[in-house]
Amino acid sequence: MILRSLECRFLTIALCDAAEPWQLGSQDAATPMMQGIIDLHHDIFFFLILILVFVSRMLVRALWHFNEQTNPIPQRIVHGTTIEIIRTIFPSVILLFIAIPSFALLYSMDGVLVDPAITIKAIGHQWYRPYEYSDYNSSDEQSLTFDSYTIPEDDPELGQSRLLEVDNRVVVPAKTHLRMIVTPADVPHSWAVPSSGVKCDAVPGRSNLTSISVQREGVYYGQCSEIRGTNHAFTPIVVEAVTLKDYADWVSNQLILQTN
């Protein structure tokens, strides 16, 4: 009865962060990494608008002044030192303003910068994912591993997203640094959750790692983004962020179930 109560509690904890019909922007950021990606996108978009306005004005001005009726005999300008200096320095300054924050963001996304509290290993299979919480594997008899399968298209429960829900979610504590180790067992896979700003490819023969720190409780959906076969779209990823107390209760119950 207690296990059933905990299961219902986790299934209805919060609103879902998933793609919506006719969505144009990004999903709400759940990690500092994703917030940095959104901020960088907005900064670059600002410069793109400036460039669009400037180039559009030059184009309209050229079409207005340099036509046969207004100026039948056009001037033969070979070069202009001032305009050449401006058009060389100005783009360089724009690239500098874009490069500084982007390099900092790439550095933070490149590896694990903070000692993680929890390590989770995701193994890609056709067409499911086993997950292993390595910190709790004290012996062969006691380990925290489970398989995550897609809920069939014709068997979803009320409120579940079609082809995005799984039978076993990845439960993590909110506001905690996590290390994700991603590796495949057969063909190339990818572990991608847009709300967390993570897309880690799994290449056969090696293990890749990334770090996330979910800042708010909720349910976050992702999908494999590697085209590796007919059912590559039917291996979704569901991450559920809960409080530290609820996470400890979930780990304890999972260990009890797997031991028995």
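Apart from Leu96 itself, the hydrophobic cluster it occupies contains Ile100, where clustering links Ile, Leu, Val, Met, Phe, Trp and Tyr at side-chain heavy-atom distances under 4.5 Å. Ile83 belongs to no multi-residue hydrophobic cluster, having no ILVMFWY side-chain contact under 4.5 Å with any other such residue.
In this view, His177 satisfies the ring pair (Phe, Tyr, Trp, His ring centres under 6.0 Å) rule with no residue, not counting sequence neighbours. With sequence neighbours excluded, the residues that form a side chain to side chain contact (heavy atoms under 4.5 Å, CB included) with Gln215 are Pro32, Lys175, Ser213. By the salt bridge (charged side-chain N to carboxylate O under 4.0 Å, His left out) test, Arg87 pairs with no residue at all, sequence neighbours left out. By the side chain to side chain contact (heavy atoms under 4.5 Å, CB included) test, Ser252 is found to be paired with no residue, residues two or more places apart in sequence or in another chain being considered. In this view, Arg162 and Glu153 satisfy the salt bridge (charged side-chain N to carboxylate O under 4.0 Å, His left out) rule, not counting sequence neighbours. Residues satisfying the side chain to side chain contact (heavy atoms under 4.5 Å, CB included) test with Thr81, not counting sequence neighbours, are His79, Ile85. With sequence neighbours left out, Asp167 forms a side chain to side chain contact (heavy atoms under 4.5 Å, CB included) with Ser148, Tyr149.
Rounding to the nearest 0.5 Å places OG1 of Thr145 at 11.5 Å from NZ of Lys121.
Among pairs with a residue in residues 182-194, those fulfilling side chain to side chain donor-acceptor pair (under 3.5 Å) read Tyr131-Trp191, Asp186-His189, His189-Arg228, Ser190-Asp201, Ser190-Ser225, at least two apart in sequence or across chains. Within the structure, side chain to side chain donor-acceptor pair (under 3.5 Å) pairs that include any residue of residues 39-53 comprise Gln35-Asp39 (at least two apart or interchain).
A donor-acceptor pair is defined here as one N or O able to donate and one able to accept, closer than 3.5 Å; no such pair exists between the side chain of Asn208 and the backbone of Val182.
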Name each donor-acceptor pair under 3.5 Å that joins a side chain in residues 46-62 to protein atoms two or more places apart or in another chain, with its distance.
| unit_1 | atom_1 | unit_2 | atom_2 | d |
| --- | --- | --- | --- | --- |
| Ser56 | OG | Leu52 | O | 2.6 |

